[in-house]
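Just so you know, ligand 1 is whichever comes first in the structure, and atom 1 is the first atom listed for that ligand. Everything quoted here is computed from the prediction, not taken from an experiment.
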Amino acid sequence: MSPEPRNRDPEYCFRSPLEDHPTLPNRPPKCPWKKDLHKTEQSPHGKWDWKPSDGKILPSILKAVGNTPLVKMNKIPKAENIECEIYGKCEFMNPGGSIKERMLIRCIEDAEKCGTLKPGMTIIETTSGNTGIALAWVCAIKDYKCIIVLPDKSSKEKEDIMKAFGATVVRVPMGEPDISENGKYGKTHYLHKTTPNSIILDQFSNPSNAVAHYDVTAEEIYYQCDGQVDMIVIAAGTGGTMTGIGRKFKEISPNTIIIGADPYSSKFAQPDKINETNVKFSEVEGIGDTIIPTICDRTNIDKWYKLYDIESLNVARRLIKEEGLLVGLSSGVIMAGALKAVKEYNLGKGKKVVVVLPDGTRNYLTKFIVDQWMEQRKLLPAVNTRNHWWWDI
Ligand SMILES: N[C@@H](CCSC[C@H](N)C(=O)O)C(=O)O
């Protein structure tokens, strides 16, 4: 199905381009991928020796990554008068709990092959959490040291999981300019400069991120749907999933409609004017940004939808309550975008829609699943269940 790829030669070895001063990871990409490249010459991507589990005993938990279930949704489509099939790609069922694991293993293995990552080194990364969990998890298994730079918006649940794997977690405040001393990229840069024998994998610029989804996640979806995928709905944080899945599908299934879902306050969506809003903050973690990371290729997105937290978080709660899918915040954005898209595109009986569900409820046990948390943020109407006389004063 896919073209035979080139061998990964040293010129493709990625090094985070650290200068003396921190810079934003939104440099122009160097990847030569173009829509019809695979028809004329070999893919620029290296082939990954990735073997999915055969269902027998695994040599380590790392081999349990991927092959996540694709699950039919039943009640939500019915309640919304939607006739097409909607399937959730359950990335929260990866062993570390998110979509970040294939790509993290790929980044590590590529760095090991290139010799930029050697035994005993310390890996430093800034993350909204899921990449950090995946990294801390792989480091625990492979005996690397790990320092995670985590914005204070990210949940305590995520921090605790990383610490359980043995990572050091350094919190940075929101609102600091990203490349300032206390900003997420500035702090990461400083820690790298001052930690001997350290490396930054740089998920925002590292092509191995997108290529993992191109080589594996996209192929899984195509296989699970027997080659009929009419629509895929995804979001972007680094843009790795979007780039990898988008590029592979434009090659193997060019009629698949690719939809991007983006929370208000983020600036990924196109055209730019649909991002215009007074909303400055979203509770959603892990997707959305105001810079477009180096690896993010938005050219394969056919249409973007913007979502408010009130709709996304309530849809995330419905995914749990009505479909039994223990999803996280960003899944609500993507599913809310999917509901709008299938209606607007008028997808009828027999059409197949895949909604990528990036992480799970475990990361947000104190957040959107708690009624009071939702009510405090006016995301759910506050109900006077105790009949307080002063309620409406
Ligand atoms: N700009 C956002 C999202 C970054 S994407 C990171 C990725 N999802 C991760 O798990 O690290 C932010 O910084 O919060």
Side-chain angles (χ1 to χ4, degrees), residues 22 24-26 91-92 94 96-105 107 123-138 146-155 157-159 161-162 165 167 169-180 182-188 200-206 208-210 212-213 217 234-244 260-269 275 280-296 298 309 327-331 333-334 356-360 362-364 367:
L24 289 173
N26 61 352
E91 289 300 302
F92 57 89
N94 277 305
S98 87
I99 193 163
K100 293 295 177 182
E101 287 147 45
R102 295 181 201 79
M103 81 87 181
L104 205 281
I105 293 175
C107 290
I123 307 177
I124 303 171
E125 189 75 18
T126 185
T127 162
S128 56
N130 280 326
T131 297
I133 292 172
L135 178 58
W137 173 69
V138 176
C146 166
I147 307 176
I148 302 296
V149 175
L150 190 68
D152 59 9
K153 169 181 164 182
S154 298
S155 74
E157 292 86 324
K158 289 176 176 169
E159 176 182 340
I161 295 163
M162 290 179 230
F165 285 128
V169 178
V170 178
R171 286 280 190 172
V172 285
M174 287 259 305
E176 285 286 321
D178 286 343
I179 53 173
S180 70
N182 283 321
K184 57 186 180 181
Y185 301 119
K187 182 65 86 184
T188 308
I200 299 177
L201 289 177
D202 190 355
Q203 59 171 337
F204 301 92
S205 313
N206 192 330
S208 304
N209 175 350
H213 296 295
T217 322
I234 23 190
T238 61
T241 316
M242 176 166 287
T243 303
D262 194 35
Y264 274 109
S265 81
S266 166
K267 300 233 174 343
F268 272 108
N275 294 311
K280 298 272 176 288
F281 175 79
S282 166
E283 294 287 352
V284 179
E285 299 178 27
I287 59 168
D289 214 325
T290 48
I291 63 158
I292 307 304
T294 301
I295 59 157
C296 182
R298 297 175 295 169
D309 281 2
V327 297
L329 292 163
S330 58
S331 300
V333 178
I334 300 172
V356 176
L357 306 172
D359 76 351
R362 177 206 66 188
N363 286 346
Y364 314 101
K367 293 199 168 185

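- A pairwise comparison of heavy atoms in N182 and P173 identifies O-CD, 3.7 Å as the closest pair.
- In this structure, A136 and A167 approach most closely via the heavy-atom pair CB-CB, 3.8 Å.
- Ligand 1 lies under 4.0 Å from heavy atoms of K100, T127, S128, G129, N130, T131, K184, Q203, F204, G237, T238, G286, G288, D289.
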Test side chain to side chain contact (heavy atoms under 4.5 Å, CB included) applied to I334 and L357, step by step
CA-CA 7 Å; I334 300 172; L357 306 172; 5.7 Å; no
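- Seen from the ring of Y364, K158 does not count as a face-on cation partner, given the 6.0 Å and 45° thresholds.
- Take F268 and apply the ring pair (Phe, Tyr, Trp, His ring centres under 6.0 Å) test, not counting sequence neighbours, and it matches no residue.
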Criterion side chain to side chain contact (heavy atoms under 4.5 Å, CB included) on K153 and R171, from CA distance to verdict
CA-CA 9 Å; K153 169 181 164 182; R171 286 280 190 172; over 6 Å; no
